[in-house]
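In what follows, a structure is listed as structure tokens, so that the remarks can point back to it.
Values reported hereafter were calculated over all heavy atoms of this structure, with side chains retained and with hydrogens, waters and symmetry mates removed. From a predicted model like this one, the values you see are computed outputs, not experimental measurements.
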Amino acid sequence: MTMPMELGVCAATFTVTDACGDSTSSTATVVVLDPNSGFVTGSGGFNSPAGAFMADKSAVGMASFEFNIKYKKNDPIDHHPHGDMEFILDGIEPEFRFFSNSTKWLYIPA
């Protein structure tokens, strides 16, 4: 593997060769990140048409989302981003609300 790798989601192939010269390779998807990078914040909304919400196909309403996620700066222990993500679908009873409780990684392209 060549280092440093480009930031983002990529496939990495690892090859191991033993003392007899036999080798095997395996490819895995990896996320290369910079925990000292920036943050991402956003929000928006859209009209959710009938049929979009599978639990109630007649439901229509305004869907909205918000997010604010960042890495803790210079934290040698915790390499996961922190923040909030929320999705709300108004117009159905009871109101549909989704809140995240964790984030595995955050990729902010340059």
Suppose we screen for side chain to side chain donor-acceptor pair (under 3.5 Å). Which residues come up paired with Asn68, at least two apart in sequence or across chains?
Thr41
OG1/Thr27 to CZ/Phe14 distance, rounded to the nearest 0.5 angstrom?
9.0 Å
Just so I know, are the side chains of Met85 and Ile69 near enough to count as touching, which here means a heavy-atom distance under 4.5 Å?
yes
Kindly write out the residues that satisfy side chain to side chain donor-acceptor pair (under 3.5 Å) with Ser43, not counting sequence neighbours, or none if the list is empty.
none
Does anything in residues 46-57 pair up under side-chain hydrogen bond (donor to acceptor under 3.5 Å, both in side chains), and if so which pairs, sequence neighbours excluded?
Asp56-Ser58
Would you please name every residue forming a side chain to side chain contact (heavy atoms under 4.5 Å, CB included) with Ser102, sequence neighbours left out?
none
List for me each residue that meets ring-ring contact (aromatic ring centres under 6.0 Å, His included) alongside Phe67, sequence neighbours excluded, and say none if there are none.
none
Fit a plane to each ring of Phe46 and Phe87, take the angle between them on a 0 to 90° scale, and name the class: parallel (under 30°), tilted (30 to 60°) or perpendicular (over 60°).
tilted
For Glu66, which residues count as a salt bridge (charged side-chain N to carboxylate O under 4.0 Å, His left out) partner, sequence neighbours excluded?
none
Do Arg97 and Glu86 have side chains that get closer than 4.5 Å, going by heavy atoms?
yes
Pairs under 3.5 angstrom only: tabulate donor-acceptor contacts from the side chains of residues 16-25 to other protein residues two or more places apart or in another chain.
| residue | atom | partner | partner atom | Å |
| --- | --- | --- | --- | --- |
| Asp18 | OD1 | Cys20 | N | 3.0 |
| Asp18 | OD1 | Gly21 | N | 3.1 |
| Asp18 | OD1 | Asp22 | N | 2.9 |
| Ser25 | OG | Thr15 | OG1 | 2.7 |

Phe65-Phe99 co-clustered via ILVMFWY side chain contacts under 4.5 Å:
no
Nearest heavy-atom pair of Leu89 and Ala63: which atoms, and what distance?
CD1-CB, 4.0 Å
